[in-house]
Amino acid sequence: MEEYPSKQVAENLDDPPNSRLFVVTSRSVTEDELRESFLAFGDIQGVWVVKDKQTKESKGIAYVKFAKSSQACLAMEDMHGKVLVEGTKPVKVFIAQSRSSTRHRDVEDEELTRIFVMIPKTFSEEDLKETFKEYGDIEYCVIIKNKTTGESKGLGYVRYYKPSQAALAIENCDKTYRAILAEPRTKNTAPDEYSGGAPRGDYMGGGDPVNSYAFPMAEPGNYQVMDYRSGDFTRCLMISTRAALSQEQIFALFDLIPGMEYCELQRDAYGMSKGHALIRYSNLGSAVYAKEKLNGFEYPPGNRLVVNFVDDGEDRSSPVGRMAMQLVAAQMMSAVWNGPSTSQVMKPPGFSAVSTMSRIQTDVNLPPMKKLAPPDSKAKERLFVVFSPSPLPMEVLEDVFCRFGSLIEVHLVPGRKVGYMKYADKQCADDAMAVLHGRVVNGVKMKVMLADPPREESHKRPRIY
DNA sequence: CGACGGGACGC
DNA sequence: CGACGGGACGC
């Protein structure tokens, strides 16, 4: 980078590994502004704004090189989604791909949070955790063991929640552990014995580990705290996400706070996420509350959503309007920080099912998600469901109706407000009917009944679909 | 002789 | 949408 002798720079770009940031920002942001923004996170060895060769105009991307990976990671974690310069879009911040890499895919947190270590064969997983917890909260530890004898091979994995924690462990732990970043596990796409219907993330399962991600509020001070003296509150929010989220997912999430009146995912060239989403609430309080609750929320786990206020075009210039705005905001803030009293607005942080949180709003207490039955399973029972006023999306139905087990598939009748749920087990279907009949999901009321046998091709015994 | 360096699974 | 310049150390 510019102030360093060239060769040294070229050699240092990846030294140490993962010490360089890739920053996507507005074209107007300068090198100095970037340097100023990232100054606090460590020793900056160089800042370089990529410019068009001909026009010399910034392409809106930049690299920031730190002395240490942990510095770069902390900067990424803290700055991602922040507005660097007033009036510019929130920055996206990633660890840069190594210069030798040809891939231009974002480096995911997944690749930066697990370390691989050598340990005494006498170490238990508890020993491992005790040894490495000083660098950050550990999601889990695993020791590689001989499958038959169960004896340790003296190797282990430690998964942290944040890239900076893994980087700190690698930088600072005893050299005898030989800590390095673990190669991501090869996507073993385990011949998914259940492969019917839309893809579902593992994180949708109702398992407990997921809950530790739930809300940043459970861990005060871990994430950026909004500066509620700034006065820049609006009814509009800009969501930044680094993972592929659908508009439906974002809608469902932010619709949990009453008053959402607009939601638009700003899609990228591939039509899938990556960018920002715009949310507008009918009132300032809802927006403040949504920002406070969902900024930093990991959805899906590992992908921290970033929520900022954006200008909604309202006149906030008058002192009176500004004061009123700040008053409402302060009241909401107080309610947020003071916890339990707000629970009628939104369930408190620890509430059990993140999966429910993700896209389902309902008056019924749903069991955790279950796997689908194999698509070629024989149907033992079908349910007939009538929706009012309009049918629910397939994914939502699958999410809800799979929870009683053995769901084979969801079938919506095109152009009608009815659908069929095919189950491999009669009891599961009966359970679903008992729990879901007459209930409301995402504002849609459902009648859930046993389906009549298909009328066509009824020859001998009534075939079940 | 005698102990260095090695290193990849599964929430 | 958003991925890689300019310029010359020291043998």
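- Residues meeting the salt bridge (charged side-chain N to carboxylate O under 4.0 Å, His left out) test with A:Lys145, sequence neighbours left out: A:Glu125.
- Atom-to-atom, OH of A:Tyr63 to P of C:dG6 comes out at 14 Å; the value is rounded to the nearest Å.
- Residues forming a salt bridge (charged side-chain N to carboxylate O under 4.0 Å, His left out) with A:Lys59 (at least two apart in sequence, or on another chain): none.
- Taking the nucleotide of DNA chain B with the nearest heavy atom to each of A:Gly156 and A:Lys147, the more 5' of the two is matched to A:Gly156.
- Taking only side-chain nitrogens and oxygens, A:Arg27 comes nearer than 4.0 Å to OP1 or OP2 of C:dG2.
- In this structure, A:Glu183 places its CD atom 13 Å from P of B:dC9, rounding to the nearest Å.
- Computed from coordinates, the A:Arg114 CZ to B:dA8 P distance equals 13 Å when rounded to whole Å.
- Across all strands, A:Lys59 comes closer than 4.0 Å only to sugar-phosphate atoms, never to a base (heavy-atom distances).
- Listed by chain and residue number, A:Tyr63 satisfy the ring-ring contact (aromatic ring centres under 6.0 Å, His included) test with A:Phe22 (two or more places apart in sequence, or in another chain).
- Spacing between atom NZ of A:Lys153 and atom P of B:dG6 amounts to 18 Å, rounded to whole angstrom units.
- A:Asp363 meets the salt bridge (charged side-chain N to carboxylate O under 4.0 Å, His left out) test with A:Arg439; sequence neighbours excluded.
- Taking only side-chain nitrogens and oxygens, A:Lys51 never comes nearer than 4.0 Å to OP1 or OP2 of C:dG5.
- When each of A:Lys56 and A:Ile95 is assigned the nucleotide of DNA chain C with its nearest heavy atom, A:Ile95 is the one assigned upstream, toward the 5' end.
- Stacking is not found between A:Trp48 and the pyrimidine-like six-membered ring of the C:dC4 base under the 5.5 Å centre-distance and 30° plane-angle cut-offs.
- Distances from the side chain of A:Arg99 to the nucleotides B:dG7, C:dC4, C:dA3 place C:dC4 closest.
- Taking only distance into account, the side chain of A:Arg20 meets the base of C:dC4 through a donor-acceptor pair shorter than 3.5 Å.
- Contacts of A:Lys53 with the nucleic acid, taken as non-hydrogen atoms under 4.0 Å apart, involve only primed sugar atoms and P, OP1 or OP2.
- For A:Phe251, there are no ring-ring contact (aromatic ring centres under 6.0 Å, His included) partners two or more places apart in sequence or in a different chain.
- Counting non-hydrogen atoms under 4.0 angstrom, A:Val24 reaches a base of the nucleic acid.
- Following rounding to the nearest Å, A:Tyr161 (OH) and B:dC11 (C1') show an atom-to-atom distance of 10 Å.
- With respect to A:Glu108 and A:Arg103, no salt bridge is recorded, no charged nitrogen being found less than 4.0 Å from a carboxylate O.
- Scored by the ring-ring contact (aromatic ring centres under 6.0 Å, His included) test, A:Phe66 finds no partners at all (sequence neighbours excluded).
- Rounded to whole angstrom, the span from the CG atom of A:Leu265 across to the C1' atom of C:dC1 amounts to 13 Å.
- Between A:Arg105 and A:Glu111 there is a salt bridge, with a side-chain nitrogen of the basic residue lying less than 4.0 Å from a carboxylate oxygen of the acidic one.
- Shown for residues 117-130 of chain A: residues whose heavy atoms fall under 4.0 angstrom of DNA chain B, namely A:Val117, A:Met118.
- Applying the salt bridge (charged side-chain N to carboxylate O under 4.0 Å, His left out) rule to A:Arg159 yields the partners A:Glu110; only residues at least two apart in sequence or on another chain are considered.
- The A:Phe94 side chain lies nearest to C:dG2 when the options are B:dA8, C:dG2, C:dC4.
- Taking only side-chain nitrogens and oxygens, A:Lys89 comes nearer than 4.0 Å to OP1 or OP2 of C:dG2.
- The side chain of A:Glu139 approaches B:dC11 more closely than any other nucleotide in the set B:dC11, C:dG2, B:dG7.
- Between A:Phe132 and A:Cys173 there is a side-chain heavy-atom pair separated by less than 4.5 Å.
- Listed by residue number, the members of residues 174-181 of chain A with any heavy atom below 4.0 angstrom from DNA chain B are A:Arg178, A:Ile180.
- Here the P atom of nucleotide C:dC4 and the CZ atom of A:Phe22 are 8 Å apart, to the nearest Å.
- Atom pair A:Ile144:CD1 and B:dC11:C1' shows a separation of 14 Å (rounding to whole Å applied).
- In this structure, the side chains of A:Ser240 and A:Lys92 stay at 4.5 Å or more apart for every pair of heavy atoms.
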